[in-house]
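Remarks on the structure that follows.
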Amino acid sequence: DEEFARQTLSGINPCVLQLVTEWPLKSKLDPAIYGPPESVITKEMVEQQIRGFCSLEEALEQKKLFVLDYHDVLLPYVKKVRQLPGTTLYGSRTLFFLNPDETLRPLAIELTRPPMDGKPQWKEAYRPSWHSSGVWLWRLAKAHVLAHDSGYHQLISHWLRTHCCTEPYIIATNRQLSEMHPIYRLLHPHFRYTMEINALAREYLINADGIIETSFSPGKYSMEICSVAYDLLWRFDHEALPADLISRYLESAFPDIFENFTAINLLTNFFITRGMAVEDPDAPHGLRLTIKDYPFASDGLVLWDILKEWVSDYVNHYYPEASLVESDEELQAWWTEIRTVGHGDKKDEPWWPVLKTPQDLIQIVTTITWVTSGHHASVNFGQYTYAGYFPSRPTIARKNMPTEEATERDWEFFMKKPEVLLLLCFPSQIQATTVMAILDVLSNHSPDEEYLGEKSELAWAKDPVIQAAFEKFNGRLMELEGIIDERNANKDLKNRNGAGIVPYEFLKPFSEPGVTAKGVPYSISI
């Protein structure tokens, strides 16, 4: 349980957990299609477990309740996925409480099946237990949540938000900026091998009947879920780490958007506020973290600042006056193509940054370089470390919960052999070994890996001002290595230090070749 909770902050998918700001928890899906929206996790359930600390109202006020919410994104696919052989699906919510020592405690897991096949909505809440039947039900519920988290990680946090959404930047850069353009030269190392690795992914990983479809819970609907998530969740300005920690906004969504996908009826215009940070000009990086011991955010914000300083030095050298940005025809064509062609589905969104001043350009370029370096490194290079041991992160759940309309025979099987049911729920041997093998490849640094700030580009070295800025960039990255080592050695930071805990090193800039669970390359090269 403690590792299950810790990985939401320190694992390979640390960018989904969000603060609970309203009670009761409610779905935003259309109740006429998906059933009653209210969660079955009750105030009484929560207070039974946090009574020694505070009431539910106090926990909300003190920002101590957090949720891993895969309810609304998965529930519309439950019926479709359940028609596929060898897999099943629920919508899920997992509720956590922030302990005084900054660790998280899992309180409850809610699994939901929408109305289907003439049956009404079914949902149930599971809690940690000290009786064998409850313990095994809790283990099974965790296996389902981990399969949801694994799928969301691979399809959205990893593929969509880094590999996929970077392609328009690469194409526009090569189409619109000459090789001599300073912004081309700045971005060039951040795009190394990405188109090639994405082509390989489309051939072997995300293709029809490929590794993702055959080994992850959504099956053949994996790419469809990815597309819907892009439509509902992705916006460029929130790919910047500080903005991502604060909130994510869901645009209006109407059924006709999904006529080629599935019948998702969402209430219009609502916010998902991650609430993992708030703006505070007096705090480091201008943000105050809701959970202070949040390794991904703590290390990530240092790296974000280092990147932004390097980009600022570079941009301000070439664009000392604001008018130079607006009058740069290549640069304006580049940004126009990214917005209106590369991300054409979202070309009319109001949140796109304007490109008029050096500060605008600095924010845009820092966001792009963060996605290709820090964000990708944090969700990619620890995959074998955490998910190579498949019970830690099963990619698929193959059996329904025994409490979901179980027959007498099903319940008897669970009571006599709960461990067998858990093994049958986990990935099969061929699924587990296939995923282990591919994660070993994906987590590997090649001998010719180019790490962020390790070596200067030839074009940078020719300009003494840029070379000096690069040397400062390199020096600050070396300082970050020491900062991370110091944090990992700090016994007060319990989400990265303790018996058996894997040190959080995903954002350490440099690494040797191989599977090291550290190192931040310039680009998405694997």
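Here, residue 1 is the first one in the sequence, and each next residue gets the next number.
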With sequence neighbours excluded, what pairs up with R496 under the side-chain hydrogen bond (donor to acceptor under 3.5 Å, both in side chains) test? D299, N488

Those residues that, when tested against D345, pass salt bridge (charged side-chain N to carboxylate O under 4.0 Å, His left out) (two or more places apart): none

Counterpart residues, side chain to side chain contact (heavy atoms under 4.5 Å, CB included), relative to P242 (two or more places apart): A240, L287, L301, W304

Which pairs pass side chain to side chain donor-acceptor pair (under 3.5 Å) with one or both residues in residues 377-396, sequence neighbours excluded? R6-Y386, Q7-S392, D149-R393, Q154-Q383, H158-N380, N380-Q383

Taking N497 for its side chain and P503 for its backbone only, find out whether a donor-acceptor pair lies under 3.5 Å. no

Measure from the side-chain N and O atoms of R105 to the backbone N and O of L98, and report whether any donor-acceptor pair falls under 3.5 Å. no

Does H148 offer a backbone N or O that forms a donor-acceptor pair with the side chain of H153 under 3.5 Å? no

Checking E167 against N198: is there a side-chain donor and acceptor pair closer than 3.5 Å? yes

Once side chain to side chain contact (heavy atoms under 4.5 Å, CB included) is applied, do any residues pair with N400, and if so which ones, sequence neighbours excluded? R82, T88, Y90, E404

All ring-ring contact (aromatic ring centres under 6.0 Å, His included) counterparts of F66, not counting sequence neighbours: none

Could you check whether any side-chain N or O of R93 sits under 3.5 Å from a backbone N or O of I41, counting only pairs where one atom can act as donor and the other as acceptor? no

Say whether, by atom type as modelled, one donor and one acceptor occur between the side chain of Y70 and the main chain of L75 under 3.5 angstrom. no

Applying side-chain hydrogen bond (donor to acceptor under 3.5 Å, both in side chains) to K119 and not counting sequence neighbours gives E405

Does Q48 have any side chain to side chain contact (heavy atoms under 4.5 Å, CB included) partners at least two apart in sequence or in another chain, and if so, which? R51, R127

Crowding at CG, D448 (>12 non-hydrogen neighbours, <6.0 Å): yes

Using residues 516-526 as the side-chain source, report each donor-acceptor pair under 3.5 Å to any protein atom, sequence neighbours left out, with the distance given to one decimal.
{"unit_1": "T516", "atom_1": "OG1", "unit_2": "S511", "atom_2": "OG", "d": "2.7"}
{"unit_1": "T516", "atom_1": "OG1", "unit_2": "K518", "atom_2": "N", "d": "3.4"}
{"unit_1": "T516", "atom_1": "OG1", "unit_2": "K518", "atom_2": "O", "d": "3.1"}
{"unit_1": "Y522", "atom_1": "OH", "unit_2": "G453", "atom_2": "N", "d": "3.2"}
{"unit_1": "S523", "atom_1": "OG", "unit_2": "R192", "atom_2": "O", "d": "2.9"}
{"unit_1": "S525", "atom_1": "OG", "unit_2": "E449", "atom_2": "OE1", "d": "2.8"}

For residues 429-444, the side chain to side chain donor-acceptor pair (under 3.5 Å) pairs (sequence neighbours left out) are S428-Q431

Rounded to the nearest 0.5 Å, what's the gap from NE2 on H71 to OH on Y34? Could you check? 11.0 Å

How long is the span from the OH atom in Y221 to the CD atom in E213, to the nearest 0.5 Å? 10.0 Å

I'd like to know whether S298 forms a side chain to side chain donor-acceptor pair (under 3.5 Å) with Y504, so could you lay out the CA-CA distance, the side-chain angles of the two residues, the decisive distance to 0.1 Å, and finally the verdict. CA-CA 11 Å; S298 300; Y504 191 80; over 6 Å; no

Students often mix this up, so state it plainly: with edges at 30° and 60°, are the rings of F53 and F97 parallel, tilted or perpendicular? tilted

Identify, with sequence neighbours excluded, every residue that meets side chain to side chain contact (heavy atoms under 4.5 Å, CB included) alongside Q121. P36, T112, P115, K123

Value rounded to 0.5 Å, distance of CG in D69 from OH in Y152: 9.5 Å

Looking only at side-chain N and O atoms, does N495 offer a donor or acceptor that is under 3.5 Å from a partner on S10? no

Counterpart residues, salt bridge (charged side-chain N to carboxylate O under 4.0 Å, His left out), relative to K508 (two or more places apart): D485, E505

